[in-house]
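Right, one structure below, let's go through it.
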Amino acid sequence: DDGQGATGEAIIHADDHPGNWMTYGRTYSEQRYSPLDQINRSNVGNLKLAWYLDLDTNRGQEGTPLVVDGVMYATTNWSMMKAVDAATGKLLWSYDPRVPGNIADKGCCDTVNRGAAYWNGKVYFGTFDGRLIALDAKTGKLVWSVNTIPPEAELGKQRSYTVDGAPRIAKGRVIIGNGGSEFGARGFVTAFDAETGKVDWRFFTVPNPKNEPDHAASDSVLMNKAYQTWSPTGAWTRQGGGGTVWDSLVYDPVTDLVYLGVGNGSPWNYKYRSEGKGDNLFLGSIVALKPETGEYVWHFQETPMDQWDFTSVQQIMTLDLPINGETRHVIVHAPKNGFFYIIDAKTGEFISGKNYVYVNWASGLDPKTGRPIYNPDALYTLTGKDWYGIPGDLGGHNFAAMAFSPKTGLVYIPAQQVPFLYTNQVGGFTPHPDSWNLGLDMNKVGIPDSPEAKQAFVKDLKGYILAWDPQKQAEAWRVEHKGPWNGGILATGGDLLFQGLATGEFHAYDATNGTDLFHFAADSGIIAPPVTYLANGKQYVAVEVGWGGIYPFFLGGLARTSGWTVNHSRIIAFSLDGKSGPLPKQNDQGFLPVKPPAQFDSKRTDNGYFQFQTYCAACHGDNAEGGGVLPDLRWSGSIRHEDAFYNVVGRGALTAYGMDRFDGNMNPTEIEDIRQFLIKRANETYQREVDARKNADGIPEQLP
Ligand SMILES: O=C(O)c1cc(C(=O)O)c2c(n1)C(=O)C(=O)c1cc(C(=O)O)[nH]c1-2
Ligand SMILES: [Ca+2]
């Protein structure tokens, strides 16, 4: 017995059951390539909507649905799970773990969920409040539920832990990480017994602040190798250091290793975090572990001295690649930092690396070690000067999955360019509870604040499919999109690529050259990756629809340049003989501008701006311009009266909807300052927004 069990064997031999999609990336290699070819280049133009299912939450939908024997298991925003007849879209059962609404602001990036795992008749998924849940796949009944956040561990003062990534299963162990490094967190992953939910092992990705054992699988490597790469007295010892494994963690049956994609530093500011000293292992690294014990095997650090939110959590894909005449089993990786890495999957040896997007923080990688050759100006925490970085904190590629086609030999990356202005927090590091704690100046938070600089910033925004040749380490071709933050990519045996876009369109492209072969108006922005499967022998392509995630939250009004949609979240599925026609017409106006109160106290608006940028901007948009997912506060009824506003912001009248109370963070005067600032912003922008509604795309001509 190799410990795989029937489900493990079925995933390893996924191509023997091409009608299923049994694990997050379809196979353990996470190539997101399906051999199905009923739908192909010659007939995809006839693709039609087969069914759709409206979701009960209109926020970002990032899930990869699983399909096992004709049943689809989809997770949605707010960590809910739906089982659906994959042929008809009929809801079979749904499960709501009732995540408390006030948890939303404990995570940086929308209450998203990226998917489930399937094993031995059970489905597993994480919840935003930190649980891992196992359900009976047939009935949706709870089998077990555990808190993944160990109450006894050294986790950093803020203890901001959220789970939104998809669990993976290796040899009967369900493995899950978490997010939180923007607030204050110490990253770790835990392996649970799939049958019982009992903890099997745990691995911390950054050292214990006192260099003491955690009684975890990571103890010896952290104490012998990692601790020496941090300053003993930096802010990390209080904040947690970061390194959250919030997206990719993969089991590779070829090497029999589990790979962790490790996230950014906490706080971001390297000078504050580690006194500007050391590489800070295992931030920005891939770490390989043994699946049975969690024992460390190797690591490769892509971003030493992280200070840019350059996570290495992006999708870890394995493939067999001819290199210098020899086929090697490698990891290919396109992390946020903008370099495409090829790493030996067994040993972690760096084989090659090349920037896959424009980068200005490093001139290249050392050809022997793979270590970045830094642009000294990019080390802004050491220079003390602002840095306009490309990629910025959202990366050249984020959570949206890439795909590989063995037929073309190309990797298809949902690539993007989103700059970020890094500005040091002055006067030392001051953390706040329930707020981003980056060690950066929150008055700026990444977007330049002069109109000219903002216009330049908007011109710098890009989104495209990058077809990348990993053998040549070079671009083959690209398909330009309207802007950044488009969905993940699926490649198929029909020589097709499928991708949903921020514009609300769903497309099929020719995998050999990018020719656009099919598009469908899905009405709402798409950020999730499509899947394909068979039901009753017929091929379907399905995707979750729903605009959200960090981009529209954080960029706010500027995110509209990717496409302006109103969020009607759904699952949509296509087939060649689909009969569901176009989607029903719904409100496509969104949050309409409402004439604001004329008066505000201009002595209070500067402090209101500071409080807003510290506590509100990350969800309600930079400088109070909403990104279309959550209420645009400029037009909110609650800004019309001091008490009404305090009831929501101070006392938590809307906690059930995800709006936490902030009376523990701000006093009533500070909260009222925010209201004054919002009224000011509403007056400044009202006419511009009214006029914009008359434009075809609804976007103001002069955005900032
Ligand atoms: O450092 C972290 O712990 C952490 C967590 C998450 C998350 O859990 O979603 C994101 C990020 N960082 C992040 O840097 C990021 O760009 C991001 C985008 C998204 C998203 O779902 O839209 N999540 C996250
Ligand atoms: Ca992060």
Side-chain angles (χ1 to χ4, degrees), residues 59-64 75 77 79 103-115 126-130 148 155-156 158-166 176-189 205-206 239-249 260-268 273 283-284 303 306-315 335-337 391-401 414 416 418 420 436-438 440 446 484-488 502 525-529 544 546-555 559 562 618-619 627 629:
R59 294 177 67 131
Q61 309 298 345
E62 297 185 358
T64 295
T75 62
N77 204 294
S79 325
I103 294 291
D105 68 340
K106 291 243 185 293
C108 59
C109 306
D110 194 354
T111 43
V112 294
N113 191 286
R114 296 191 195 89
T127 69
F128 210 65
D129 56 354
T148 69
L155 294 181
Q158 307 285 338
R159 291 191 74 93
S160 252
Y161 289 87
T162 50
V163 177
D164 51 27
I176 190 79
N178 47 58
S181 294
E182 270 65 79
F183 297 77
R186 179 182 177 209
F188 61 91
V189 300
T205 59
V206 298
Q239 286 299 102
T244 38
V245 182
W246 56 268
D247 197 19
S248 198
L249 60 99
L260 314 181
V262 183
N264 58 278
S266 180
W268 289 9
R273 183 176 74 240
L283 298 184
T303 311
D306 170 51
Q307 44 205 284
W308 308 275
D309 190 17
F310 280 172
T311 65
S312 287
V313 309
Q314 280 60 44
Q315 176 188 356
K336 274 188 183 178
N337 78 12
D393 64 330
L394 299 186
H397 166 221
N398 205 302
F399 70 86
Q416 61 184 17
V418 186
F420 189 92
W436 290 35
N437 291 305
L438 311 178
L440 267 57
W485 215 246
N486 302 286
I526 301 174
I527 56 178
E544 292 187 10
W547 182 232
I550 186 57
Y551 188 72
F553 273 38
F554 189 79
L555 262 81
S562 279
C619 293
V629 184

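Just the heavy atoms: all of them, side chains too, but no hydrogens, waters or symmetry mates, feed the values below. Computed from a predicted structure; not experimentally measured. Each ligand, and each atom within it, is numbered from 1 in the order the structure gives.
- The single protein non-hydrogen atom nearest to atom 20 (C) of ligand 1 is E62 OE2, 3.3 Å, given as residue, atom name and distance.
- Looking only at side-chain heavy atoms (C-beta outward), N398 and K336 come within less than 4.5 Å of each other.
- S79 places a side-chain N or O within donor-acceptor distance of the main-chain N or O of F128, the cut-off being under 3.5 Å.
- Taking a cut-off of under 4.0 Å to the non-hydrogen atoms of D309, the atoms of ligand 1 that pass are 14 (O).
- Close approach of ligand 1 to S181 is summarised as follows: ligand atoms under 4.0 Å from at least one heavy atom of the residue are 1 (O), 2 (C), 3 (O).
- In this structure, T244 contributes its side chain and G179 its backbone to no donor-acceptor pair below 3.5 Å.
- Taking 4.0 Å as the cut-off, F128 does not count as a neighbour of ligand 1 on heavy-atom distance.
- Paired with N113 under the rule side chain to side chain contact (heavy atoms under 4.5 Å, CB included), one option of V163, T127, T75 passes, and it is T75.
- Put simply, the angle at the Ca ion (ligand 2) from OD1 in N264 to OE1 in E182 is close to 130°, to the nearest 10°.
- With respect to atom 14 (O) of ligand 1, the closest heavy atom belonging to the protein is K336 NZ, 2.6 Å.
- Between G263 and ligand 1 there is no heavy-atom distance shorter than 4.0 Å.
- Side-chain atoms of Y161 come within 3.5 Å of backbone N or O of L155 as a donor-acceptor pair.
- Protein heavy atom closest to atom 1 (O) of ligand 1, with residue, atom name and distance, is N264 OD1, 2.9 Å.
- Of the protein's non-hydrogen atoms, the one nearest atom 22 (O) of ligand 1 is I550 N, 3.0 Å.
- Atom 2 (C) of ligand 1 has its closest protein heavy atom at T244 OG1, 3.3 Å.
- Proximity to W485 (heavy-atom distance under 4.0 Å) selects the following atoms of ligand 1: 22 (O).
- Between the side chains of E182 and N264, at least one donor N or O sits under 3.5 Å from an acceptor N or O.
- For D110, the heavy-atom gap to ligand 1 stays at 4.0 angstrom or more.
- Protein heavy atom at the shortest distance from atom 19 (C) of ligand 1 is C109 CB, 3.5 Å.
- The shortest side-chain heavy-atom distance between L394 and Y551 falls under the 4.5 Å cut-off.
- Of the heavy atoms in R114, only side-chain atoms (C-beta onward) come closer than 4.0 Å to ligand 1.
- For the residue pair N77/T111, the side-chain donor-acceptor check at 3.5 Å is satisfied.
- Looking only at distances, no side-chain donor or acceptor of R273 sits under 3.5 Å from a matching main-chain atom of Q239.
- In N398, the part holding a heavy atom less than 4.0 Å from any atom of ligand 1 is the side chain.
- Of the protein's non-hydrogen atoms, E182 OE1, 3.0 Å is the one closest to atom 12 (N) of ligand 1.
- In this structure, the side chain of S562 engages the main chain of P484 through a donor-acceptor pair within 3.5 Å.
- Remark: side-chain polar atoms of T205 are not paired, donor with acceptor, to backbone N or O of V262 under 3.5 angstrom.
- Residues C109 and F553 are not in side-chain contact: their nearest non-hydrogen atoms beyond the backbone lie 4.5 Å or more apart.
- Note on ligand 1: C108 sits in its first shell, one or more heavy atoms being nearer than 4.0 Å.
- Of all the atoms in ligand 1, the ones that sit under 4.0 Å from a non-hydrogen atom of G549 are 22 (O).
- Looking only at protein heavy atoms, the nearest one to atom 7 (C) of ligand 1 is D164 OD2, 3.1 Å.
- A side-chain donor-acceptor contact under 3.5 Å links W485 to the backbone of G548.
- Of all atoms in ligand 1, numbered sequentially from 1 with element shown, those under 4.0 Å from a heavy atom of G180 are 2 (C), 3 (O).
- Counting just the N/O/S atoms of D309, the one with the shortest distance to the Ca ion (ligand 2) is named OD1.
- Taking a cut-off of under 4.0 Å to the non-hydrogen atoms of V112, the atoms of ligand 1 that pass are 21 (O).
- With Y551, F183, W246, F553 as candidates, the residue nearest to atom 11 (C) of ligand 1 on a non-hydrogen basis is W246.
- Remark: the backbone N or O of V206 is paired with a side-chain donor or acceptor of R186 at under 3.5 angstrom.
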